[in-house]
There are 2 protein chains.
Amino acid sequence: MSAKPPTSLDVARDAGVSQATVSYVLNNREGARISDETRARVQEAADRLGYVPHAGARTLRTGHSGLVLVPLADIPYGPLAVGLMEELDRELSRLGYSMIQYGARRLKGVAAARAWAELRPVAVLAPAERLTRQAVNVLHSAGIRAVIGIGAVGWSSEIVSTVTMDHEEIGATAAEHLLARGSRTLTAIIPTEDGLRDMGLLRAVGVQRVAAAHGVPYTQVDLAFSETATAARLDAWRAAGISGEGRTKHGVFAYNDDYAMLLMAVLADNGFAVPGNVAVVGCDDLPLAKLLRPRLTTVRLNVTDAPALLAQTLDEVVKEGVTRQPRLALWTHALVERDST
Amino acid sequence: MSAKPPTSLDVARDAGVSQATVSYVLNNREGARISDETRARVQEAADRLGYVPHAGARTLRTGHSGLVLVPLADIPYGPLAVGLMEELDRELSRLGYSMIQYGARRLKGVAAARAWAELRPVAVLAPAERLTRQAVNVLHSAGIRAVIGIGAVGWSSEIVSTVTMDHEEIGATAAEHLLARGSRTLTAIIPTEDGLRDMGLLRAVGVQRVAAAHGVPYTQVDLAFSETATAARLDAWRAAGISGEGRTKHGVFAYNDDYAMLLMAVLADNGFAVPGNVAVVGCDDLPLAKLLRPRLTTVRLNVTDAPALLAQTLDEVVKEGVTRQPRLALWTHALVERDST
DNA sequence: TTGTATGCGTTATCAA
DNA sequence: TTGATAACGCATACAA
């Protein structure tokens with residue numbers, strides 16, 4: 001049934017021309033002019049045989065693959081990340097690249113980098129924490145022109161270009177809003193899940209900074225994503241003076257909308273009034289957050305211009321070489337005020 | 001800075017051996033025995049030069065890439081799909097394949113298939129609706145051994161092996177439960193979003209079947225994911241006799257947890273009692289569904305054994321050829337009863 | 001135990 | 001306007 005795939009030589013034989021001519025026609029080479037008649041005959045033969053060029057062979061010959069590799073292992077999947085990837089894919093293909101996502105979660109560190117390098121992508125776009133100096137060396141010595149990290153401000157920025165999300169400012173934005181709406185204490189929730197914890201700590205720094213600037217009491221609490229863990233925390237809060245009966249309003253930045261929803265559910269179960277006793281701010285602006293009652297105030301990450309800028313920067317680094325390592329601060333954010341504060 | 005990547009020939013020169021020896025050492029060839037001393041010298045040279053084999057060249061030479069291509073465009077991303085992909089990746093790499101996800105959303109139909117075929121993957125695992133007969137022909141004639149669809153029962157099953165999710169049974173399970181809990185009418189919600197609508201219709205068929213079998217009134221309603229659209233629907237329901245005051249209990253299968261949450265929020269705003277007047281069943285068992293009050297009854301899609309089975313089947317098809325096209329019904333589901341029914 | 005030689009499918013240089 | 005031919009990096013049959 002399925003014999004070996006047709007090669008350009010098969011097409012050439014079928015069309016009665018040389019193999020080089022096939023290559024010229026199919027790649028629209030400017031250099032050599034081909035008669036319209038030959039051109040048509042080649043096209044027709046290629047279509048009929050179902051000819052598809054062999055990417056590996058082309059890469060071998062030309063020395064570049066046009067592949068942009070994105071090893072997405074522990075990036076938190078959500079509407080945000082998915083939307084970003086879709087847009088990025090679009091932008092990259094507009095510039096002539098093909099974006100592929102590569103798993104191989106098995107492999108760590110340099111071994112992972114080697115696996116990526118085997119495909120000889122022209123660029124790698126990876127979570128910043130995976131881009132150790134060793135790993136980046138492997139990638140560069142395999143001829144990969146652009147290595148770009150996605151991460152938080154300050155991570156591995158001397159090694160590679162990094163697309164940064166300014167987590168600290170996210171926390172600060174939430175905190176400022178909580179104070180403006182009357183909160184007299186500030187609490188930052190830090191998720192205990194791997195991959196979230198680091199970002200949680202950075203966001204908490206922003207909250208703490210604002211608290212200090214305003215001379216307001218600050219607490220931070222580690223929290224696992226479960227109702228029982230949250231309920232237990234509530235008891236501790238009660239002991240610390242935060243309660244459903246007091247007159248002071250307590251502000252909580254819940255790290256993201258998921259944690260905010262968890263918190264609000266448990267608060268409601270325990271007789272706390274939101275936003276009366278406790279004001280809650282989430283992050284991500286999930287579609288579901290609007291469905292909560294009270295509606296959830298949240299920090300929306302603005303992703304609109306990020307993909308285009310990122311793709312463009314990648315293209316520049318690829319073409320001009322890695323002369324300098326610009327830090328890209330592509331993510332902006334904005335507070336979306338609703339009813340929970 | 002970054003010269004051309006080192007080749008196996010560079011390693012050979014550095015180690016003072018022939019290029020073939022390098023290949024033998026690095027691939028642990030049984031055929032030819034290499035002295036431990038040479039072996040060590042080659043390894044050391046490879047490490048020092050940062051040698052990484054060229055996947056394209058290897059593919060060209062051996063005739064197979066070990067790549068499993070998964071073009072995930074419009075698959076609904078959620079914890080379910082992500083978990084499935086992660087597990088699948090693990091299983092496939094255990095079997096010696098590398099899974100890569102390929103975007104290229106730009107391209108449609110045969111053009112997309114051609115883009116996939118360029119990479120000469122050994123297998124393609126794609127949404128069933130993208131696997132038209134033409135597209136599959138392109139893939140097969142490019143030498144791709146296994147083409148497997150992911151979709152609903154009955155889709156393109158004569159063309160390729162298909163991993164099916166039995167949407168109709170999901171709807172039926174939800175409906176049976178609603179009746180058992182006392183609902184006297186049944187309604188199926190069908191999302192209007194692209195990519196979800198088809199599955200919604202299939203699930204609705206299951207609801208309708210159960211309704212007919214029990215002689216219970218059945219309605220189905222198209223619904224966009226917005227509060228205003230849902231509120232408008234509620235007015236229509238009131239006109240149809242479903243209200244927050246009646247004595248009869250109305251059962252709604254809301255397609256998934258997102259729609260269920262939307263519905264429950266709007267129901268609460270409009271004075272409907274859940275589950276008193278309206279009982280709601282979702283699907284997916286999202287972590288957030290437990291946080292709703294009342295807690296959401298849902299149909300959980302059981303994904304545990306799917307990835308291993310899928311990987312294994314793929315491996316068999318690759319090795320034995322496409323003699324037959326087994327239909328795989330890998331997804332099971334189970335109702336998780338909570339408070340909303 | 002190791003080296004030599006060949007070909008995989010493609011593009012590009014040069015000659016016709 | 002088109003055709004021979006070489007080279008890309010690697011794996012392997014065969015020779016030494």
Side-chain angles (χ1 to χ4, degrees), chain A residues 3-43 45-46 49-66 114 117-120 122 141-143, chain B residues 3-43 45-46 49-66 114 117-120 122 141-143:
Chain A
K4 291 202 314 188
T7 72
S8 60
L9 186 63
D10 295 325
V11 175
R13 275 196 282 260
D14 191 279
V17 297
S18 87
Q19 190 220 25
T21 305
V22 173
S23 181
Y24 289 146
V25 171
L26 266 41
N27 298 335
N28 275 331
R29 290 278 307 170
E30 297 293 328
R33 278 208 236 294
I34 310 283
S35 72
D36 283 355
E37 192 233 358
T38 328
R39 191 178 296 275
R41 229 179 35 248
V42 169
Q43 270 296 357
L49 294 180
Y51 170 73
V52 173
H54 189 299
R58 173 188 279 142
T59 300
L60 189 55
R61 175 62 236 225
T62 63
H64 52 260
S65 61
R114 244 189 303 261
E118 288 197 0
L119 296 176
R120 295 291 190 273
V122 67
S141 69
Chain B
K4 291 201 317 186
T7 72
S8 62
L9 188 62
D10 294 326
V11 176
R13 275 195 282 260
D14 191 279
V17 298
S18 84
Q19 181 259 342
T21 306
V22 173
S23 181
Y24 289 146
V25 171
L26 265 42
N27 298 335
N28 276 331
R29 287 282 305 172
E30 299 293 330
R33 278 208 237 293
I34 310 284
S35 72
D36 283 355
E37 190 234 358
T38 332
R39 191 178 295 274
R41 230 179 34 249
V42 169
Q43 269 296 356
L49 295 180
Y51 170 72
V52 173
H54 188 300
R58 173 189 279 142
T59 299
L60 190 55
R61 173 65 234 231
T62 62
H64 52 260
S65 61
R114 239 183 314 253
E118 287 197 1
L119 296 175
R120 294 290 191 275
V122 68
S141 69

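Within every chain, numbering begins at 1; the chains are lettered A, B, ... in the order of the sequence lines, protein sequences first and strands thereafter.
- Residue-level contact check: A:Thr38 touches the backbone only, with heavy atoms under 4.0 Å from sugar-phosphate atoms and none from bases.
- Counting to the nearest Å, the P atom of D:dT1 and the CD atom of A:Glu37 are 13 Å from each other.
- Looking at A:Gln19, its side chain has no donor and acceptor atom pair within 3.5 Å of the base of D:dA4.
- Which of C:dT10, D:dG3, D:dG9 sits closest to the side chain of B:His54 comes down to D:dG9.
- When each of C:dT10, C:dT2, C:dG3 is scored by its nearest atom to the side-chain atoms of A:Pro53, the top-ranked nucleotide is C:dT10.
- Put simply, B:Ser23 has no side-chain N or O that comes within less than 4.0 Å of OP1 or OP2 on D:dT12.
- Using a 4.5 Å heavy-atom threshold, the side chains of A:Asn27 and A:Arg58 count as touching.
- Mapping B:Leu60 and B:Thr21 onto DNA chain C by nearest heavy atom places B:Thr21 at the nucleotide closer to the 5' end.
- Rounded to whole Å, the distance from CG on B:Asn27 to P on D:dA13 is 13 Å.
- Checked against C:dG9, C:dT2, D:dA11, the side chain of B:Ile34 finds its nearest nucleotide in C:dT2.
- Counting to the nearest Å, the P atom of C:dG9 and the CG atom of B:Leu119 are 16 Å from each other.
- Distances shorter than 4.0 Å separate some side-chain N or O of A:Tyr51 from OP1 or OP2 on C:dT10.
- Atoms CG and CZ, on B:Asp36 and B:Arg41 in that order, are 12.5 Å from each other to the nearest 0.5 Å.
- Side-chain contact check for A:Thr7 versus A:Arg13: every heavy-atom pair is 4.5 Å or farther apart.
- For C:dG3, one of the phosphate oxygens OP1 or OP2 lies less than 4.0 angstrom from a side-chain nitrogen or oxygen of B:Ser18.
- Looking at heavy-atom distances under 4.0 Å, B:Val22 makes no contact with the nucleic acid at all.
- When each of A:Ala57 and A:Ser35 is assigned the nucleotide of DNA chain D with its nearest heavy atom, A:Ser35 is the one assigned upstream, toward the 5' end.
- Close to D:dA11, at under 4.0 Å from its OP1 or OP2, lies no side-chain N or O of B:Thr62.
- We find that CG of B:Leu9 is positioned 14 Å from C1' of C:dA5, with the value rounded to whole Å.
- Following rounding to the nearest Å, B:Asn28 (CG) and D:dA11 (C1') show an atom-to-atom distance of 14 Å.
- Distances shorter than 4.0 Å separate some side-chain N or O of B:Ser8 from OP1 or OP2 on D:dC10.
- Salt bridge annotation for B:Glu118-B:Arg114: absent, with no cationic side-chain nitrogen under 4.0 angstrom from a carboxylate oxygen.
- For the pair A:Arg13 CZ and D:dG3 C1', the computed distance is 15 Å after rounding to whole Å.
- Following rounding to the nearest Å, A:Arg58 (CZ) and D:dG9 (P) show an atom-to-atom distance of 18 Å.
- Ranking D:dC10, D:dC8, C:dT2 by closeness to the A:Arg61 side chain, first place goes to D:dC8.
- Comparing D:dC14, C:dG9, D:dC10 against the side chain of B:Tyr24 picks out D:dC14 as the nearest.
- If you take NE2 of A:His64 and P of D:dG9, they are 14 Å apart, rounded to a whole angstrom.
- Residues A:Thr38 and A:Val25 are not in side-chain contact: their nearest non-hydrogen atoms beyond the backbone lie 4.5 Å or more apart.
- Within the 4.5 Å cutoff, the side chain of B:Pro5 has heavy atoms near those of the A:Arg120 side chain.
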